[in-house]
Amino acid sequence: MKDLVVQKYGGTSVGTVEKIKRVARRIVAQVDAGKQVVVVVSAMGDSTDELVNLAYEINPTPPSREMDVLLATGEQVSIALLAMAIQTIGYKVISLTGAQCGIKTSDVHKRARISEIDTNRLEKELNDSKIVIVAGFQGIDENHEITTLGRGGSDTSAVALAAALRADCCEIYTDVDGVYDADPRIVPDAKKIDEISYQEVLEMASLGAGVLHPRSVELAEKYGLPLVVRSSFNNNPGTVIKNFENNNEKHVIKEDFDMEKVLVRGIALDENIAKISILEVPDKPGIAFQLFSSLASANIHVDMIVQNVNRTSVNDISFTVNLDELPEAVEVSQKFAFEVNAQKVAFDQGIAKLSVIGTGIVANTEIASKFFEALFEMGINIQTISTSEIKMSCLIDKERAKEAMVNIHKKFEL
Ligand code: ASP
Ligand code: MG
């Protein structure tokens, strides 16, 4: 059997007719090199945002089911056009929607999870020597309803397909050269990382580095599938994301090799969050359980949970959510506050989360102190701090977040 490659092209790589043609040429070059190719594409440019805006113009709370029907069309446009572009240059190709391609998901609209992929159709088309172009970000649930995987979900579609087809690796094509140690649009001297572990990139991705859909990295790690993030505009090697057998392997490349030195691998900024605070919640067992289980049943992803005791019998509980889940999260919180007789629910959209990432970070006080010192020097107030084995995050004022990112990148001499 021939080598199989799974490639994913993001919205910016297929944003115009010219770009679609260029992607088509890249794809057929793989076929000429003797490979079978499965390609996952996102919607063209900002077209998903435009669809979202249209929906909100019609209905301020658009039903999730119809949102999925709407948003899934974006990818359907790009698969058809890309297939036509490939056909024009004389190669066998077929486009498939998520449903046609056998991508089965849970029934949670707007953030469905892939449960399995029935690869029969895909294999049939590949055996027929066709290039297969698959619509990213979408699937179908048990009741044949169209579902989408959450914004940015095409990466996850690509990794899931690569895993299901047992490909050797999955290539994610984007408009930058790979994963950077800070967002290059904000930090001018951000540097590209050559190789990085799943865990580190996962922190970068979920902390808003914007490189990959976090679920795609989780999935790749689960299947031990190496990911390559690279530009669709040049032939640079990109960033390889994989498992390091020996955790220090990646550090050895450094000249001033110091065995147990903790390395800050990157700085991430997430401006797409909001903080919800529930004030004066009765201080008794089961309260947190009640709140977070209702948020979980509403499929709302929460982060940075803080509970502080400020009076004898009541606490304030606050946490962050993704900006696009804020309205639902506030609704669930208000219902909870009413039930337990809390004082009120407040929310703040003017915050951002800034994080430093690197293996072993939490045990290293020098990193924490440098991080806090940099914020202090800028006179930036820290609202919340949280840490994990490999990251340290602060919630700060959104207005100053980009500036803070630039300075912290400098401070750590990245
Ligand atoms: N088109 C979808 C979005 O913009 C999915 C993706 O780009 O991966 O979120
Ligand atoms: Mg996109």
Side-chain angles (χ1 to χ4, degrees), residues 6-16 19-20 23 38-56 62 64-82 95-99 101 103 105 108-114 117 133-140 146-163 170-176 179 185 201-202 204-206 208-220 227-233 241 270-273 299 301 322-325:
V6 176
Q7 301 187 327
K8 180 252 168 178
Y9 291 89
T12 48
S13 299
V14 293
T16 63
K19 287 179 181 170
I20 289 176
V23 166
V38 172
V39 179
V40 173
V41 270
S42 296
M44 292 172 72
D46 294 329
S47 58
T48 308
D49 291 331
E50 286 156 18
L51 293 171
V52 171
N53 293 342
L54 280 177
Y56 280 95
S64 302
R65 179 194 182 273
E66 303 307 335
M67 231 20 205
D68 276 356
V69 173
L70 178 68
L71 296 193
T73 63
E75 272 67 16
Q76 206 170 322
V77 170
S78 35
I79 55 169
L81 294 177
L82 182 56
S95 68
L96 297 176
T97 64
C101 173
I103 301 180
T105 73
V108 184
H109 285 295
K110 285 164 70 188
R111 21 181 196 272
R113 297 182 76 95
I114 299 175
I117 299 181
I133 313 289
V134 181
F137 164 69
Q138 56 175 265
I140 193 165
I146 295 173
T147 53
T148 64
L149 308 180
R151 296 303 306 273
S154 301
D155 297 337
T156 300
S157 309
V159 172
L161 279 169
C170 179
E171 300 176 342
I172 308 280
Y173 285 89
T174 178
D175 56 347
V176 291
V179 179
R185 287 162 302 188
V201 90
L202 195 53
M204 310 268 288
S206 48
V211 265
L212 286 165
H213 195 230
R215 279 160 50 194
S216 69
V217 185
E218 284 167 12
L219 203 57
L227 291 181
V228 183
V229 179
R230 49 189 300 200
S231 169
S232 65
F233 300 94
I241 303 162
D270 192 353
E271 297 182 284
N272 196 30
I273 58 167
N299 281 292
H301 177 86
N322 290 335
L323 212 44
D324 46 356
E325 289 173 12

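Read the numbers this way: they start at 1 and go in the same order the structure lists the ligands and their atoms.
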Short version for Ser154: what comes under 4.0 Å of ligand 1, heavy atoms counted, is both
Sequence neighbours excluded, the answer for side chain to side chain contact (heavy atoms under 4.5 Å, CB included) partners of Ala163 is Tyr223
*If we only count N/O pairs under 3.5 Å, is Thr48 in contact with ligand 1?*
yes
Val159 and Leu219 have their tightest heavy-atom pair at CG1-CB, 3.9 Å
Taking only non-hydrogen atoms of Arg151 and a 4.0 Å limit, the atoms of ligand 1 in range are 3 (C), 4 (O), 9 (O)
Contact region, Glu75 to ligand 1, non-hydrogen atoms below 4.0 Å, reads side chain
Is Gly136 close enough to touch ligand 1? Criterion: a residue heavy atom under 4.0 Å from a ligand atom. no
Are side-chain N/O atoms of Asp68 and Thr148 paired as donor and acceptor at under 3.5 Å? yes
Ser78 meets the side chain to side chain donor-acceptor pair (under 3.5 Å) criterion, sequence neighbours left out, with none
Per-atom filter on ligand 1: closer than 4.0 angstrom to a heavy atom of Phe137 are 2 (C), 5 (C)
| field | Any Ser64 side-chain heavy atom under 4.5 Å of Arg111 side chain | value | no
Practice item. Measure the distances from the heavy atoms of Gly152 to every atom of ligand 1 and state whether one is below 4.0 angstrom. Key: yes
Decide whether an N or O pair under 3.5 Å exists between Asp155 and ligand 1. no
Discussion item. Less than 4.5 Å apart, side chain to side chain, heavy atoms only: is that true for Arg151 and Val52?
Written reply: yes
